[in-house]
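Working notes, structure below.
Here, residue 1 is the first one in the sequence, and each next residue gets the next number. What you see below is based on every heavy atom in this structure, not just the backbone, and it leaves out hydrogens, waters and symmetry mates. Since this is a predicted model, take the numbers as computed values, not measurements.
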Amino acid sequence: MKKIAAVFFSLVCLISSCNVKEVSTETVPQTVSSAVRKAYPEATDLKFTELEANKIWVSEFVIKIQKMSAVVNNTGQITETYNVARVGTVLPESAQKFITTNYPDAKIVSIDEQINDQKKVIGYKVLIKTKEGKEVVMLFDTTGSLTLLIAKDGTPSTKPESNTYAIEPKDLPEAIKKVLTEKHGEYKFIKGVVMVENGKKTYHVVVSKEMVIYEYTFDETGAILKSSSSGIKADAPNKVTQKELGKNDIPGKSKEYLDKTYKSWDYMKGLVFYENDKVTGYLAVVKVEGKLYYVYFDATGGYLKTTTETTVETPKPTVQEKAIETKAGFKLQMQLLDG
């Protein structure tokens with residue numbers, strides 16, 4: 001199965017307005033400083049800040065006139081790179097709509113572009129401030145689909161600064177792995193972020209099972225501090241039903257959105273949702289450049305939200321089946337045909 005490439009910058013440093021300790025370049029491990037200099041030989045004004053002692057650093061530098069930042073671990077691996085507040089950066093329409101819909105009176109403080117090794121933009125990091133003083137950091141992919149959101153209320157705090165960095169499944173404490181396995185059996189790890197505050201760690205974890213996305217916040221002992229889910233839930237009320245959505249039955253408004261958002265997309269499968277025999281919404285599963293997008297629409301075909309999931313490597317049988325079950329035992333086989 002392909003690994004899901006999801007790496008995240010020190011988000012809470014932004015939303016906590018923290019000033020983590022800047023360290024001298026001479027005191028940074030050679031593997032860390034060399035990694036940045038090798039990747040960006042033209043970098044000037046190179047500075048390092050330690051996010052977690054002897055483990056994670058963020059480097060800030062300038063190439064020509066563009067400010068940039070990169071997160072580096074103690075093995076010399078650059079896990080994230082950003083163009084910081086590049087002039088002319090424009091968010092995808094879906095991302096703009098998400099912000100204006102959910103935070104209509106918020107002010108956008110900054111927009112950074114996440115780039116890959118080939119300097120291609122692969123996502124956006126947005127910091128906003130609401131009229132209530134809450135600061136929110138959001139990550140979007142290049143289509144404008146939200147991949148992560150972390151918020152901090154505007155309440156003054158005397159707590160030490162917080163640092164955040166991305167983790168892989170192997171970095172999860174055994175206690176958390178156990179909870180996830182007990183709840184979901186086999187699941188797909190989507191992303192994980194660790195928040196370090198006052199010497200204590202909080203784990204923000206997103207996993208998926210079939211057509212449901214689960215988000216958890218754990219403490220170090222594996223206790224669930226917060227949880228939520230989205231998608232098609234197994235415990236849906238009995239009065240809710242669903243049936244397969246054919247490509248030709250996609251509402252016109254929904255198809256217009258898909259055509260506008262994705263330059264080239266392949267329709268996999270979809271669902272029509274009913275409540276008391278009345279249409280309440282639609283789900284279209286489309287594949288774009290090897291990645292699955294679960295796009296939800298309301299009863300009129302208007303766009304609601306998008307969740308993402310990277311496709312698995314194609315097995316020898318070219319059909320991968322997914323089952324969606326309701327509490328009443330209704331079962332629909334979703335055949336995701338290899339494009």
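In this structure, Ile108 CD1 and Leu127 CG are separated by 10.0 Å, a value rounded to the nearest 0.5 Å.
The closest side-chain donor-acceptor pair between Ser228 and Tyr216, if any, does not fall under 3.5 angstrom. Residues Thr130 and Glu132 have side chains that bring a donor and an acceptor to within less than 3.5 angstrom of each other.
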Q | Candidate pair Thr44 and Phe61, rule side-chain contact (heavy atoms from CB on, under 4.5 Å), full reasoning | A | CA-CA 6 Å; Thr44 60; Phe61 50 93; over 6 Å; no
Q: Could you check Gln66 against Asn83 for side-chain contact (heavy atoms from CB on, under 4.5 Å), going step by step and ending with a plain yes or no?
A: CA-CA 7 Å; Gln66 177 60 53; Asn83 289 325; 4.0 Å; yes
Q: Before giving the answer on side-chain contact (heavy atoms from CB on, under 4.5 Å), spell out for Thr143 and Thr306 the whole-Å C-alpha distance, their side-chain angles and the decisive distance to 0.1 Å.
A: CA-CA 10 Å; Thr143 70; Thr306 302; 5.6 Å; no
Q: With side-chain contact (heavy atoms from CB on, under 4.5 Å) as the test, would you mind laying out the steps for Asn73 and Thr79 before giving the verdict?
A: CA-CA 7 Å; Asn73 63 26; Thr79 58; 4.2 Å; yes
Distance-only check: which donor-acceptor pairs under 3.5 Å involve side-chain atoms of residues 169-179, not counting sequence neighbours?
from   : atom 1 : to     : atom 2 : distance (Å)
Asp171 : OD2    : Glu168 : N      : 3.0
Glu174 : OE2    : Lys177 : NZ     : 3.4

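Judged by the 6.0 Å distance and 45° axis criteria, Lys255 is not positioned over the aromatic ring of Trp265. Lys125 forms a cation-pi arrangement with Tyr82, by the criterion of a distance under 6.0 Å to the ring centre and an angle within 45° of the ring axis. Seen from the ring of Tyr187, Lys209 does not count as a face-on cation partner, given the 6.0 Å and 45° thresholds.
Classified by interplanar angle (parallel below 30°, tilted 30° to 60°, perpendicular above 60°), the ring pair Tyr257/Tyr303 is parallel.
Residues Ile63 and Met68 form a side-chain contact, since some pair of their non-hydrogen atoms from C-beta on lies under 4.5 Å apart.
Applying the salt bridge (Lys or Arg N to Asp or Glu O under 4.0 Å) test to pairs two or more places apart or on separate chains, those with a residue in residues 85-94 are Arg86-Glu113, Glu93-Lys260.
Side-chain atoms of Thr81 never come within 3.5 Å of backbone atoms of Ile115 as a donor-acceptor pair (strictly under, hydrogens ignored). Judged purely by atom type and a 3.5 angstrom limit, Glu215 has no side-chain atom pairing as donor or acceptor with the backbone of Ser227. Put simply, the side chain of Thr100 gets close to the backbone of Gln96: a donor and an acceptor are under 3.5 Å apart.
Ion pairing between Glu244 and Lys269 holds under the 4.0 Å rule for side-chain N and carboxylate O.
In this view, Asp249 and Leu245 satisfy the side chain to side chain contact (heavy atoms under 4.5 Å, CB included) rule, not counting sequence neighbours. Scanning for side chain to side chain contact (heavy atoms under 4.5 Å, CB included) contacts around Asn102 gives Phe98, with sequence neighbours left out. Judged as a salt bridge (Lys or Arg N to Asp or Glu O under 4.0 Å), and not counting sequence neighbours, the contacts of Asp105 are Lys131. With sequence neighbours excluded, the residues that form a side chain to side chain contact (heavy atoms under 4.5 Å, CB included) with Glu220 are Lys200, Lys201, Tyr203.
Centroid-to-centroid, the aromatic rings of Tyr293 and Tyr262 come within less than 6.0 Å.
Hydrophobic clustering, with ILVMFWY side chains joined whenever heavy atoms are under 4.5 angstrom apart, keeps Val84 apart from Val126.
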